[in-house]
Number of protein chains: 2
Amino acid sequence: MATIYDVSVMAGVSLATVSRVMNDNTKVSDKTKQKVLDAMAALGYRPNTIAQSLASNRSNSVGVLVSQLDGPFYGPMMTEIEMALRSANKHVIIAAGHSDEKQEKDGVEFLMSRGCDALILDVEAVSDEYLIELSKATTPIVFINRYIDAIKDRCVYLENEQGGFIATEHILSLGHKQLAYISGPLFKLDVRDRLKGHKRALQQYNIPFDEALCYEGDFRESGGSTAMEHLLSLNKPITAVVCANDQMASGAIAVCLEHGLRVPEDISFIGYDNIPFPQYISPKLSTVSNPIHEMGKMAARWVLQQVYNDQEVLIERTFQPELFIRTSTAPID
Amino acid sequence: MATIYDVSVMAGVSLATVSRVMNDNTKVSDKTKQKVLDAMAALGYRPNTIAQSLASNRSNSVGVLVSQLDGPFYGPMMTEIEMALRSANKHVIIAAGHSDEKQEKDGVEFLMSRGCDALILDVEAVSDEYLIELSKATTPIVFINRYIDAIKDRCVYLENEQGGFIATEHILSLGHKQLAYISGPLFKLDVRDRLKGHKRALQQYNIPFDEALCYEGDFRESGGSTAMEHLLSLNKPITAVVCANDQMASGAIAVCLEHGLRVPEDISFIGYDNIPFPQYISPKLSTVSNPIHEMGKMAARWVLQQVYNDQEVLIERTFQPELFIRTSTAPID
DNA sequence: CTGTTAGCGCCTTCAG
DNA sequence: CTGAAGGCGCTAACAG
């Protein structure tokens, strides 16, 4: 592999000059520049990024820590992050936290010791205090899907309370009065916010919140099924169920269909996240959008701007959920 | 940030000794080792991986190139790769190829120039020749989901022809004689193999393959819907449809349900890949497994063994698809 | 505008 | 078993 030295010899210039044309941050005369370029081409020269990093104290890599790499949720986010960063010739190093405090901390440690120039974190298990502490370190960090007041300018997040509100409000506006709620794991902030929005909508319509009809699920399809079986076993009248995410809604709907209930004629369902799959099954799931890919893109842009001094990019930090009405919700008869 | 030099001073030993205890590849007396360890702890020392890489000519990073980061397919694969590699303290750098030849080649270039110790590639658009050429480079490369005879010891793949066969065989064994086939994009090798298996099963049952009832879809839910609309518009009798993946099967089923057809009473469906979602909708999709996560794990192990000299790991290079019978297939009446 | 000269933090012979 | 010394390939002052 040719080195910068080989190039300098061939072009008849110094190492520094070669370095300059590579980074084109200093003026180099056109003729010498051309000589260097020719030599590089002739040698098939490719800079050694490791050496560049060591010398410049910059790795050109950004670490991304997500809860999980699978599922319908993080893929789109990673896609946007990778695209935004790669086009700036930065690379992304990934790690998974699995919603576990120790693994999340390990992941952060791992990425930091890898000399990342910046970190994009989507973490759920670690405390606000830990993150506030982290954000004081020299490595710039941006948080996706989390709002912490003390460091809010580093948070890219969705207005989950509002999302919870509009989902339930849609159901209520259809005339439903007997609602069940399938929640996600309550240790997650976004889950609590969605529930909060649900309750606010209920209140606004003067409908009492029935604790017995609120089930804490696990955000997975199977959890939605379990939840629905439980709710059905209660033998209470339910005309609509609000789910904290689409996956659980899908699992719950499947159970209802198996029990011979018609959706939405007998019972309406609304989800949350607007993931692709439930748009294509029957009935098509009404839901609330969660523009996770947009949030990923914004986080990447934040890094580009803060760390790599890209002034071009526009940054949006808060996102509004939107209602998507499909065929799983219907007016009460 | 403390360096190896600080540690050596504090421990009263040389740089070399500190390096040795870090890499413990040379014998160091227990007492000096302990002194060094203590110094490292006291200083909160963390090795600079960039410098390590430059000096050792090894980056401890492996590049992973997949078609896409989203979708139900690559997430599980990435999960396994990340887990396997991180536990060996290697990091994974990702890039997406988007099934486009140029982007795939760019991605490979990108990862190589990043000094990856090895590459794991899941590529579809580039030619066999290109990959054979690549595999001659010094950077070791393993291929997932692709079989190329000349470099078969670097290929981790699923027996797709066999998978296509057993899917259709299941349908035929149920007595169906009027089958449609919704294929994936035929430029993909695995897609052609699945179709080949389908035809072999047909032949074995003496059922002619009807070109008109074979539709080339795009592997997405929406593509499955489009395909089904088309097939229905033909007004030919169809009692079962074999789909090249689960996503298209789901989209196709949704269309049938909307047309008032009952699944599986009026029409049976079988998918391919065994992704999580369609297991939780109604009817539950019968399918053929595609152990993509296992293949990811194996690819990571291959790297661990070939590149990082881990002798412990066992490697399996070919995977067999398995039939999963659920409720979307039924015997012909 | 260009060349010289130190390092960046660590690994790895080579002696001892 | 341990220390000394020379890079790895490149960047970044500092001169000129």
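Predicted, not measured: the structure shown is a model, and the values here were computed from it. Letters A, B, ... are given to chains in the order of the sequence lines, protein chains preceding strands, and every chain is numbered from 1.
If one axis is set at each end of the helix from C/dC1-D/dG16 to C/dG16-D/dC1 from five pairs, those axes are 30° apart, to 10°.
A heavy-atom distance below 4.5 Å is not found between the side chains of A/Pro140 and A/Val303. When side chains are defined from C-beta on, A/Asp122 does not count as touching A/Leu65, because their heavy atoms never get closer than 4.5 Å. Two residues are said to be in side-chain contact when any heavy atoms from C-beta on lie closer than 4.5 Å; B/Val126 and B/Val123 meet this criterion. You'll find the side chain of A/Tyr5 reaches within 4.5 Å of the side chain of A/Leu15, heavy atoms only. Under the 4.5 Å side-chain criterion, counting only non-hydrogen atoms from C-beta, A/Tyr157 is not in contact with A/Asp190.
Looking at residues 3-11 of chain A, you'll see that no heavy atom sits under 4.0 Å from any atom of DNA chain C.
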For residues 89-98 of chain A, run the donor-acceptor check on the side chains, cut-off 3.5 Å, and write out each pair with its distance to 0.1 Å, sequence neighbours left out.
unit_1  : atom_1 : unit_2   : atom_2 : d
A/Lys90 : NZ     : A/Asn60  : OD1    : 3.0
A/His91 : ND1    : B/Arg114 : NE     : 2.7

Under 3.5 Å, which donor-acceptor pairs do the side chains of residues 66-79 of chain B form with other protein atoms, sequence neighbours left out?
unit_1  : atom_1 : unit_2   : atom_2 : d
B/Ser67 : OG     : B/Tyr74  : OH     : 3.3
B/Ser67 : OG     : B/Glu124 : OE1    : 3.4
B/Thr79 : OG1    : B/Gly75  : O      : 2.9

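Applying the salt bridge (Lys or Arg N to Asp or Glu O under 4.0 Å) definition to pairs two or more places apart or across chains, none involves residues 23-43 of chain A. For residues 295-308 of chain B, every residue pair satisfying the side chain to side chain donor-acceptor pair (under 3.5 Å) rule, not counting sequence neighbours, is listed here: B/Asp117-B/Tyr308.
For A/Asp273, the salt bridge (Lys or Arg N to Asp or Glu O under 4.0 Å) partners two or more places apart in sequence, or in a different chain, are A/Arg194. In this structure, A/Glu104 has no salt bridge (Lys or Arg N to Asp or Glu O under 4.0 Å) partners at least two apart in sequence or on a different chain. With sequence neighbours left out, the ring-ring contact (aromatic ring centres under 6.0 Å, His included) criterion links B/Phe319 to no other residue. B/Met112 is linked by a side-chain contact (heavy atoms from CB on, under 4.5 Å) to B/Val108, B/Leu119, B/Leu134, B/Ala137, B/Thr139, B/Ile141, counting only residues two or more places apart in sequence or in another chain.
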N/O-N/O pairs, protein side and nucleotides 1-3 of chain C side, under 3.5 Å:
unit_1 : atom_1 : unit_2  : atom_2 : d
C/dT2  : OP1    : A/Ser29 : OG     : 2.8
C/dT2  : OP1    : A/Thr32 : OG1    : 2.9
C/dT2  : OP2    : A/Ser29 : N      : 2.8
C/dT2  : OP2    : A/Thr32 : OG1    : 3.0
C/dG3  : OP2    : A/Ser14 : N      : 3.0
C/dG3  : OP2    : A/Ser14 : OG     : 3.2
C/dG3  : OP2    : A/Thr17 : OG1    : 2.6
C/dG3  : N7     : A/Arg20 : NH1    : 3.2
C/dG3  : O6     : A/Arg20 : NH2    : 2.3

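Think of the region where chain B sits on DNA chain D: with heavy atoms and a 4.0 Å cut, that region ends 5' and 3' at D/dC1 to D/dG9.
The side chain of B/Asn48 places no N or O atom within less than 4.0 Å of a non-bridging phosphate oxygen (OP1 or OP2) of C/dC8.
For the pair B/Asp24 CG and C/dT12 C1', the computed distance is 16 Å after rounding to whole Å. Distance, A/Ile50 CD1 to C/dC8 C1': 13 Å, rounded to whole Å.
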